[in-house]
Amino acid sequence: MSGLIVLDYGGGNLKSVTNILDKLGYAYNLTDKKEDILESDRIILPGQGHFAQFMESLNSKGLTEALIHKINFGTPFLGICLGIQVLFEESEEAPGVKGLGIFPGKVVKFTEGKVPQIGWNELKITTNNTVLTNDYVYFVNSYHVIPENKQIISAFSNYYIDFVASIEYKNIFAFQFHPEKSGEVGFEFFRRWIEKN
Amino acid sequence: MLAKRIIPCLDVKDGQTVKGVNFLNLRHAGDPVSLSARYSEEGADEIVFLDITATNEGRDTMRNVVEKVAKQVFIPLTVGGGIRTIDDIRKILLSGADKASLNTAAVKNPEIIQKASQIYGSQCIVIAIDAKKENNEWFVYINAGTKKTEWKVLDWVKEVEKLGAGEILLTSMDADGTQNGFDIELTRAVSLNTNLPVIASGGAGADMEHFSDIFEQGAADAALAASIFHFDTVKINDLKNFLYNKGVPTRLK
């Protein structure tokens with residue numbers, strides 16, 4: 001099971017992701033090295049924090065191009081929370097800062113209700129979904145993505161408006177919620193994702 | 001629609017769960033790791049640990065507890081009690097907590113809210129407030145409810161929101177330990193006065209309407225309780241079915 005990396009971008013809570021991998025008994029490499037990214041055969045990008053700091057951290061460690069290359073090359077990729085947002089071109093959280101730009105589109109802030117949204121919200125999956133069901137999952141977010149290509153959306157959820165909860169496109173799975181904090185639903189997802197890839 | 005959260009709270013002293021009545025009379029309620037796993041299975045939406053140990057050795061024990069729980073239980077974990085510095089926050093997050101809850105330290109040194117939220121993000125900084133009513137005003141108490149401060153609760157809530165707090169854990173000292181129901185008046189006043197999610201705490205008893213009342217009338221985003229869950233007075237899955245049937249947005253397992 002070698003070749004699974006969890007990208008350590010220098011912030012946020014990686015432990016909850018690695019705890020799940022430990023419990024499932026899967027080996028992984030927690031790394032911030034470019035060579036490890038290039039040699040990896042599966043990538044998990046957990047994310048919490050600020051869009052600008054996140055991109056700055058990737059840029060300063062020289063990881064950005066390697067990551068874009070691997071994702072576009074077809075390496076199974078799982079992005080979580082900020083890890084879905086940075087796949088897009090830009091975010092209202094950090095005007096002028098370029099995201100990875102894997103997908104055309106942008107990241108915008110919730111304009112209604114208490115922000116951040118904190119808690120369990122219900123998924124409404126689309127037909128473009130092979131891994132999720134209409135369960136409650138755990139969200140902590142102030143921002144959400146707006147993809148130009150609506151075909152990549154794999155689930156919505158509702159917080160005053162319908163927002164994109166997950167996307168699925170070829171090798172790419174990315175979630176606005178935290179599967180590593182979503183109890184059994186999340187646990188099962190990790191198991192399936194790893195066994196499938 | 002975002003679900004209302006049910007949060008069991010574990011008061012932990014020297015690695016064991018205890019529960020006080022009116023902040024006194026501690027009695028043992030069991031091993032925090034197995035209790036957490038049980039609560040998660042029954043549908044708890046989150047777990048709060050309150051470290052009521054006073055010593056440094058106790059703090060290390062608490063971190064070990066969190067570390068063990070985080071390896072078994074994959075729902076959000078919040079830790080409070082004795083967290084005074086940025087380094088304390090860092091350590092507790094590293095041990096696997098998702099949020100750190102500050103009380104006395106935030107009142108004594110409000111800058112820590114700003115610093116901590118800049119470093120770790122607002123979402124992991126919870127401000128715990130112990131509130132008590134006097135002459136028609138709620139005041140903030142610190143040092144585990146033993147010391148009154150000058151802060152009025154509604155002003156303090158505004159202040160912590162401005163400084164970058166992510167959530168309010170609001171304990172009514174008047175209701176705590178009574179099991180006569182949450183403090184609806186206090187919770188509603190705070191919740192309508194802030195853009196932060198509010199966790200209501202103190203007063204939950206055997207009557208499950210205490211919970212539907214605090215959500216429907218008290219405008220709480222989450223409700224926290226300890227002894228009624230520890231001693232099986234109320235089972236979390238029964239409570240959630242009750243809330244669901246009452247039309248409260250609820251996550252069922």
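Atom set for the values below is all heavy atoms of this structure, side chains included, hydrogens, waters and symmetry mates excluded. Numbers restart at 1 for each chain; the letters A, B, ... are given by sequence-line order, proteins then strands.
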Salt bridge check, [Y] against [X]: does any charged N sit closer than 4.0 Å to a carboxylate O?
X       : Y       : value
R192(A) : E195(A) : no
D87(B)  : R90(B)  : yes
K124(A) : D162(A) : yes

Residues of residues 2-9 of chain B within contact distance of chain A, non-hydrogen under 4.5 Å: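 So far as heavy atoms go, L2(B), A3(B), R5(B) are the residues that approach chain A to under 4.5 Å.
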
Within residues 161-169 of chain B, which residues come under 4.5 Å of chain A, heavy atom to heavy atom?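 Contacts with chain A: G166(B), E167(B).
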
For a quick check under 3.5 Å, do [X] and [Y] share a side-chain donor-acceptor pair by atom type?
X       : Y       : value
Q123(B) : K99(B)  : no
Y39(B)  : E46(B)  : no
S154(A) : S166(A) : yes
S191(B) : K114(A) : yes

Do [X] and [Y] have ring centres separated by under 6.0 Å?
X       : Y       : value
F110(A) : F163(A) : yes
F103(A) : Y169(A) : yes
F177(A) : Y136(A) : no
F77(A)  : F173(A) : no

Among E67(B), M1(B), K253(B), which has the most heavy-atom pairs under 4.5 Å with chain A?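 When all of E67(B), M1(B), K253(B) are compared, M1(B) has the most.
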
In terms of heavy-atom proximity below 4.5 Å to chain B, should S157(A) be classed as side chain, backbone, both, or neither?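 For S157(A), no heavy atom lies under 4.5 Å from chain B.
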
Residue selection (most heavy-atom pairs with chain B, distance under 4.5 Å) from Q53(A), E184(A), E122(A), K23(A):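 Going by pairs under 4.5 Å, I would pick K23(A).
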
